[in-house]
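Scroll down for the structure; my scribbles are underneath it.
Values below: all heavy atoms of this structure, side chains included; hydrogens, waters and symmetry mates excluded. A, B, ... follow the sequence lines: proteins, then strands. Residue 1 opens every chain.
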2 protein chains.
Amino acid sequence: MTEKEKHTEEKIAEAAREVFIEKGMDGARMQEIADKAGINKSLLHYYFRSKEKLFNFVLSKIMSIIGSRLGVIMQEDVAIIDKVKAFVDLYTDLLLKNPFLPNFIFNEITRNPDGLIDRFSTANIKPGEFIKPLERQLKKEGYSINPHDFVLNLLSMVIFPVAGRPIIQILLFEGDSSAYKKYIVSRKESIVTYVMYALEGYRIKQ
Amino acid sequence: MTEKEKHTEEKIAEAAREVFIEKGMDGARMQEIADKAGINKSLLHYYFRSKEKLFNFVLSKIMSIIGSRLGVIMQEDVAIIDKVKAFVDLYTDLLLKNPFLPNFIFNEITRNPDGLIDRFSTANIKPGEFIKPLERQLKKEGYSINPHDFVLNLLSMVIFPVAGRPIIQILLFEGDSSAYKKYIVSRKESIVTYVMYALEGYRIKQ
DNA sequence: AAAAAGTTTGACCAAATGGTTAAATATATC
DNA sequence: GATATATTTAACCATTTGGTCAAACTTTTT
């Protein structure tokens, strides 16, 4: 009973996750989620009362995962460049596996920006906790860069090329899908190099 | 007559632009566009036969503007760092004025990636024409960086922070809207510095 | 000024969509 | 094995939404 319930609920959550991420809240259809889960549409409403409730459930789960990963990396007590490396590796892989994720997040925060603060608490994400350690570490290693710039530039370079895949693929690779993928993987290294070179310029000479 | 027609058509196009950009194709409602244009819903269909036609019209216009701006900058025969400066200035302003634009583009290319190639031709955007001059210029100035990395990192750093505004604003500025805006403006300079420092590392010593 | 052509409107329609409900089926409890 | 409880289904509903149409109104043409 609890076993089966878990099974159905999981199936629904998984299907909903896929559809919502690919189509967004507005584009997603309850019927499509039901079909993908191999169940009746009424059953969706039996487990999750409404589309919105289902959506919130899915989004919360995703944000928790992303947030906790980010938190772990940012709070590790290692050299800046190792943090960068860990971050780039982890998120490149995550994004390659979930190419619709960035657009989904962008879409949702645009659609409902006011709900974001609550979502952060629900997902137990505490921004201060991973900006501050970074700030300390940059100072400790003698880099005078604004930590906000540092973290935002990094996030940008990792996430944007995946979020804008179709454009990038055409703009830089004449639509060649495998060339694009190979390139994104290669960026794991080239981003780290780029950041390293940039940081060099911010080193406080003494 | 032609005067009035222009007036109404323009009003519709402008209203449609606003609504589509903010809500996306799926989220936009023909009624809302009609209301915003101050006209009857039937009139929308009189000028633009269907929602899709109206959407395509709006999107094409936007892409043409963005593309032509990019083309001009990329083909100017000036030092790399001046290109970077021009690009950052122009696009930061564009994005501050149209904060929903990036998400709109992401959304659309995700929703319908196959239509993108046609849209590029319609908007008369020729990717090769602004990648190649950049490639030459980088070589000429003795930087060994992969041009793809260079251009993508730049695009990322300019666009991402605006696309992800609600998150960034909470993550870095505790939700303070004016602090966020001030910061984005300040990035006009800090991005250029960051890129300059990074490029330094790619300089071929001789 | 009459006819023709173009523009605008309100009423209406069919399809899609999120959601409900009562009955049927399976499962657990006694 | 009977009763109660939980799960699943099919039929149905109300609302929303893109779109149509004929009539009314304006403007242009003759």
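When the P atom of dT27(D) is taken as reference, atom NE2 of His7(B) falls 14 Å away, rounded to whole Å. The CD atom of Gln31(A) sits 14 Å away from the C1' atom of dA15(C) (whole-angstrom rounding). One can place CG of Leu44(B) at 11 Å from P of dT9(C), the figure rounded to the nearest angstrom. The CG atom of Leu43(B) sits 16 Å away from the P atom of dG18(D) (whole-angstrom rounding). The distance from atom CE of Met30(B) to atom C1' of dT20(D) is 13 Å, rounded to the nearest whole Å. Atom CG of Asp26(A) and atom P of dG18(C) are 10 Å apart (whole Å). What separates CD1 of Ile33(A) from P of dT17(C) is a distance of 12 Å, to the nearest Å. Spacing between atom NZ of Lys51(A) and atom P of dT20(C) amounts to 14 Å, rounded to whole angstrom units.
The side chain of Tyr47(A) lies closest to dT7(D) when the candidates are dT20(D), dT7(D), dG18(C).
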Decide ring-ring contact (aromatic ring centres under 6.0 Å, His included) for Phe104(B) and Phe100(B); before the verdict, give the C-alpha distance in whole Å, the side-chain angles of both, and the deciding distance to 0.1 Å. CA-CA 6 Å; Phe104(B) 171 69; Phe100(B) 294 115; over 10 Å; no
As a quick check of understanding, evaluate side-chain contact (heavy atoms from CB on, under 4.5 Å) for Tyr194(B) and Tyr194(A), giving each step before the final call. CA-CA 10 Å; Tyr194(B) 194 88; Tyr194(A) 194 88; 4.0 Å; yes
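Side-chain nitrogen and oxygen atoms of Tyr46(A) include none within less than 4.0 Å of the OP1 or OP2 phosphate oxygen of dT8(D). Taking only side-chain nitrogens and oxygens, Arg49(A) never comes nearer than 4.0 Å to OP1 or OP2 of dG19(C).
Between the side chain of Tyr91(A) and the backbone N or O of Ile66(A) there is at least one donor-acceptor pair closer than 3.5 Å.
Taking only distance into account, the side chain of Thr8(B) never meets the base of dT7(C) through a donor-acceptor pair shorter than 3.5 Å. The base of dG18(D) sits within donor-acceptor range of the side chain of Lys41(B), with an N or O pair under 3.5 Å. A donor N or O paired with an acceptor N or O is found under 3.5 Å between the base of dG10(C) and the side-chain atoms of Ser42(B).
The existence of a salt bridge linking Lys36(A) and Glu18(A) is confirmed by a sub-4.0 Å separation between a basic side-chain nitrogen and an acidic carboxylate oxygen.
Nucleic acid contact class of Ala28(B) (heavy atoms, under 4.0 Å, all strands): sugar-phosphate only.
The 5' end of DNA chain C is approached more closely, in terms of each residue's nearest nucleotide, by Arg29(A) than by the other of Asn40(A) and Arg29(A).
Looking at Arg165(A) and Ser177(A), their side chains do bring a donor and an acceptor atom within 3.5 Å of each other.
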